[in-house]
Amino acid sequence: MLSLGSGGAKSTKPSFVSYVTPEEIKSEKDPPKQEKHPDLLPGEVEFCSANPILKYTQDDLSQRGVFGTLFCTNFRVTFISDEKPQEKTDKTFKNKLYGENDIPLMCVDHIYGVYDEKRKLITGGLVKNKYPSKMIIHCKDLRVFQFSLTFSKEEDAKKIFQGIAHHCLEEKSLKCVFAFSYMGTPSPEMQWKQETVMFDSPEDWTQEMKRTKANCRLVTENENFELSQRLPKYFVIPLTIGDLFSYQGKGLPIWCWSHYSGCALFKASFPPVTQEDGDFQKHLDTMINAVAHNHLYSVKTEDLSESLPNIQDIQQSYNKFKQFFLIENSTDFWLSDVKWFSSLESSGWLDIIRQCLQKAVEVVECLEKDNTNVLITEEEGTDLCCVISSLAQIMLDPYYRTLMGFQSLVQKEWVAGCHAFLDRCNHLHQKDKEYHSPVFLLFLECVWQLVHQHSPAFQFSETYLTVLSDSVHVPVFSTFLFNSSHHRESVMKAESPLAQSGPLSCPTVWDWSVQFDSKAQNFFFNPLYLEKVKHDRAVRKPHKPKHQRNLSLPSTAFKTPPKKGFFKDETDSLKKMLRVKRLSRWRGSPDAPTATTREFFESWQHRPLDYHGLLLPCLDGPAVHIWMQRYLRWIPEVYILGGGSVAVMTKLMELLSQVQDLKRVLEQRDSSQAAKLDHRPYFQHRLLSFDSSGRLSSSFPFAYTCYRSFKPIIPTGLMQSLMVTDSLASQEDEASSVVSFV
Amino acid sequence: MEESDSVESLCSSTTTRSDRSSGTRVSDTELRSKGRVIEKVLQCKYPSKGELPLLPEEHVQDSAKDVTYICPFIGPVRGSLSVTNYRLFFRCTDREPVFGLDLPLGVLSRVEKIGAATSRGDVSYGLACKDMRNLRFVHKEPEDSLKKSVFEVLMKFAFPVSNNMSLFAFEYKQVFPENGWKVYDPLAEYKRQGLPNESWRISKVNDHYELCDSYPAALVVPVTITDEELRRVSSFRAKGRIPVLSWIHPESQAAVVRASQPMVGQNGRRCKEDEKLLQAIMDANAQSHKMFIFDARPSVNAAANKMKGGGYESEDAYQNAELVFLDIHNIHVMRESLRKLKEVVYPNIEDSHWLSNLESTHWLEHIKLILAGALRIADKVESGKTSVVVHCSDGWDRTPQLTSLALIMLDSHYRTIRGFQILLEKEWLSFGHRFQQRVGHGDKNHTDADRSPIFLQFIDCVWQMTRQFPAAFEFNEYFLITILDHLYSCLFGTFLCNSEQQRLKEEVPKHTVSLWSFVNSQLEEFVNPLYVGYPSHVLFPTVGIRHLQLWVTYYIRWNPRMRPQEPVHQRYKELLAKRAELQKRVEELQREAANRTASSSSERAGSPTRSITPVQTFV
């Protein structure tokens, strides 16, 4: 009867197994003698609990569920089932920090209470007096939990409800975030550190400049955040910028990446607004000049706050969008299935993704085709600038399409680059909505589109991206907890308990062993990845740009139409323009850039595809898809039993392992070659086997459904979906029947 | 001319990608290599200069120079146009590399002159195609008014049936190693299902198509029903299409039975023999004392049919049978939906309103309803172990859609290439889906209300299933596209005529080539490399719109921007090739080791390094 009753993450341990059946609980209406407790993480503290609580199973209409105990700790809300854990819950993909019945506090999005059949959004005011009969929790990773509070004692129910509401919804201070209590032992294998570049030292930046052959200057003057607290600790600027202090930490063109031709991508926040207009102009001129001097005195600028939706738009759109996936029951599902496409469109989320990718392609076009420097600007320079510059780098540089390269990119542009994760993700439940926005998720969405369209070009899989998007809301990692490098350093220093020596250290998210064992980490790798033939096997060998192939087209094919207003090549005339028009007015007619990027895309499309060269996304309507894995993984109605990408994965892994075996046989036979064994680490232990792949559903590896009865999901209310109103519907079914039957 | 460069580059690809295969314009670049094989088979390699590549018995009827093709994607292209008795060739003369169009005349649904001649003597012709595109040509009216325009010749050969000529399929005499007409043997197929058995017999009552002219000769009916009783039933079922068995579950003996609507009429007529027949069908399955009758229509339409003498089974007359309406709309609604879809996808897509435009066509909703219907049928048979009777009005449109999809879900045999061919031959061709009427082969009457994309819709549903179960089907997408292309091409005899009886009368198997001859002679082109044949594995697809997709590589394949650059399957094939290569090398080495001393193997030193990176080869 109960399919999801495997309990908490660690429920396989005997100490948490209840031998009391749900029926017994029901009859006694008393909490069982044997107390159950969640398997606490080091540093985790239990706040309150209630028993028995009924957790509804999501996958059917009949509102059945599992009885168990609901806990609230300083890390999570967790439900432990009274049922015996099922024998076969041998998961290959298990998160070590939280299981399927755990909700990290930071991951709670909204809580609804059902009072007398009425559903109300829980806010501070409602908590005090009454507690609801049913509590519905919407998570940021799109899971939906429904708990009935009516079976436990009134005071318990009240306590757990208030506890959860308090810890999940009330504004809190950063110190209360679990990361500061978490005492996990740092992982012994420091593998991640050797490979992911953290960009927290001058060496990392120097190395990156060397890798891309950048001709810029590393700034170390901000080591103690004397220049600005909003600027990274270390950053790179054009050579010609002299006096850093005159910038007041604003409007500095910060280097992102250099193209092999010498031109580079820079990002900047707006220059400081002063009383005198002249200063602002002077500032702009210096900024643009400095970038232009980087290569061939040409620069193209783009004000992203002008041409892309702002962070509030992004937030609003995502809020609408995610609602389509927070499905509470089957009826809702089939009702929303009817207007699926138009609902999606009305949220505008896919369109925002398209716009971002489009903008990134425009930037890529400037760098790749015209070989001009590009300067992207934005109020703060740490939101859409991060999105666009990271996307452009992924499209241009195959290094960022490897797992380590991608992680380094996130470190460089987002973490070291001072994206305000704390504010944007609203980890502290602040009421001030102005600063919240899923900008980083938007970036991951755009990357997913690229992965979806060109999967052999990426070393990482969509599962990796999904897990990364979830990890943002796991309050254990330092990566997504702060607003800037300065913020991180100051908090980490202050939080360092006196008893301990040295500063407090939370794990970084890139230390995947905190969440997954190495077997589960195999799912992060794309089995279809087309590896580059490398003669040297250094793990992080500076990437030698091999773009030559992209230049195979005669340069005449790249003849660009003269651009009107937008992206002037001549700095002088640009400056002239600037004097009359403000930064936000640089953009010309909106159609012009689209037309040229279209041409750029088409000429790229007709060249032979090189997965290690330039990569561009197709942005036509039918080509932009929904990230199915992330959004549909918890909805049982859309599980494809025995189908979906798992089927392909299984087959691929099997094939790969066969190829590996054959190679091994060859290598063994070839004794002289024995030393030259394949060193790529992940291929070696990638010989996974899914024993029952025929029965896995498309939501694998996220939701595990042990379908005992292999039943199809029959839609309900079909006719509501399709009311064909025109006369055709009532026309003769078969035109010919008129003749023969009248 | 700023544009010209890009135009040229686009053209080149259009040429190379679009004109590889005669008749089958293959969208997928996956098929780059496939194209070559097909070229060879159909002998229509496009020569760079000189003669046109013609099929056996294909002859040029007329040609014209100085024709401009108005391509919606790259703009006007000037070239020469030739019309043969099978297809239309357009070749651009002033471009390098060559740009060309090569389309079978069968895909044309309409050819018309657009507007009057201009002052320069140019006339414009519009060609509407059945395969989701429209072509437009401009050319000079011949000065000699007695000479016919090339488009008048085109019109004659595009619609041979309207001009009392025979279709090209009857002239085409290619010989293939395999004879596709032998693919389907009804008795062998029934034998595979374990028929006849103690409950079911194969009746010869329709041997001469006297009982029902749109049914096949061999019918499977319950043993307890006599041929005489079948005759009486036939007068009670629309077009005499009596309930007969399509498929039987190997374990539970639950049967899928197809029929047409009962002629109940307004007075609620009953037919004792029909009731007995349905009872016998139920009794043949000992596992269940119930049965389901699936009426594919919306209940309103089913009720409306009573006015015209039709209707549905009443509960009084058919006890123990539960009637379920599946709410699938009629051929006219489907035709209109596809027309709207074509408007939305061709030639240009409005990106910002793509999703709502797509929704407004209802195309995917119809697909959802059909799949949902088939899913319910399959569920009743598999999970409920009950027999089902499926019908719509005449039982030749929605009924084959539902039965064949349910059969694909239930029986893995129909997911193989040959099994699928048998399924089409059986459920669609032998049971009289009116291909001639629904497609309108060679008929110029493009407004004919009998035309409807019923079969296309079915193939779309199959495609949706292949997307959800990428490893469960032996055939690939190209196989489905090939079937659809030759549904219209009139190159093969397979989809001609309306029924088995007509095909025999016209001696179609004798005078034409079967599509399966062509397909089965080069199976490797159509094989899905991901295929894992799980025997006796039932597929239950998800029918939510969230998991349905528009078949971009079919409906939007003419748009050069929508072409996938290298599908995953290509990589997969490379992996398979790599494995084969390695396997061969291992065997070689083993043989070598057996023959020679160990030291000799060092000769092979270089190769393992090469094979370390699994797939590097680009085709």
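Chain letters run A, B, ... following the sequence lines, proteins first and then strands; every chain starts at 1.
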- Message: Holding to salt bridge (charged side-chain N to carboxylate O under 4.0 Å, His left out), I want the full list of residues that pass it with Glu359(B), two or more places apart in sequence or in another chain.
- Response: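 So Glu359(B) forms a salt bridge (charged side-chain N to carboxylate O under 4.0 Å, His left out) with Lys339(A).
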- In chain order, what residues pass the salt bridge (charged side-chain N to carboxylate O under 4.0 Å, His left out) check against Arg451(B), with sequence neighbours excluded?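 For Arg451(B) there are no salt bridge (charged side-chain N to carboxylate O under 4.0 Å, His left out) partners, ignoring immediate neighbours.
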- For Ser342(A) and Ser356(B), which heavy atoms make the closest approach, and how far apart are they?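 The pair with the smallest heavy-atom distance is CB-CB, 4.3 Å.
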- Would you confirm whether Thr542(B), through its side chain, and Tyr639(A), through its main-chain N or O, come within 3.5 Å as a donor-acceptor pair? yes
- Sidechain-backbone polar pair: Arg354(A) side chain, Ser352(B) backbone, donor-acceptor under 3.5 Å: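 Checking the backbone N and O of Ser352(B) against the side chain of Arg354(A), no donor-acceptor pair under 3.5 Å is found.
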- Message: Is the shortest side-chain heavy-atom distance between Ile349(B) and Pro622(A) below 4.5 Å?
- Response: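 A side-chain contact under 4.5 Å exists here.
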- Message: When you compare the side chain of Ile640(A) with that of Phe540(B), does any pair of heavy atoms fall below 4.5 Å?
- Response: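 The answer is no; the side chains never approach within 4.5 Å.
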- Query: Within 45 degrees of the axis of the six-membered ring of Phe333(A) and under 6.0 Å from its centre: does Arg546(B) put its NZ or CZ there?
  - Reply: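 Yes, a cation-pi geometry.
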Please state whether the side chain, the backbone, both or neither of [X] comes within less than 4.5 Å of a heavy atom of chain B.
| X | answer |
| --- | --- |
| Leu619(A) | backbone |
| Tyr631(A) | neither |
| Ser346(A) | neither |

As an exercise, state the distance from [atom1] of [X] to [atom2] of [Y], rounded to the nearest 0.5 Å.
| X | Y | atom1 | atom2 | value |
| --- | --- | --- | --- | --- |
| Phe341(A) | Leu548(B) | CZ | CG | 7.0 Å |
| Arg561(B) | Cys618(A) | CZ | SG | 5.5 Å |
| Ile556(B) | Asp620(A) | CD1 | CG | 8.5 Å |

Side chain from CB out, backbone as N, CA, C, O: work out which of these in [X] comes under 4.5 Å of a heavy atom of chain A, or both, or neither.
| X | answer |
| --- | --- |
| Gln549(B) | side chain |
| Tyr531(B) | backbone |
| Ile545(B) | both |
| Ile454(B) | neither |

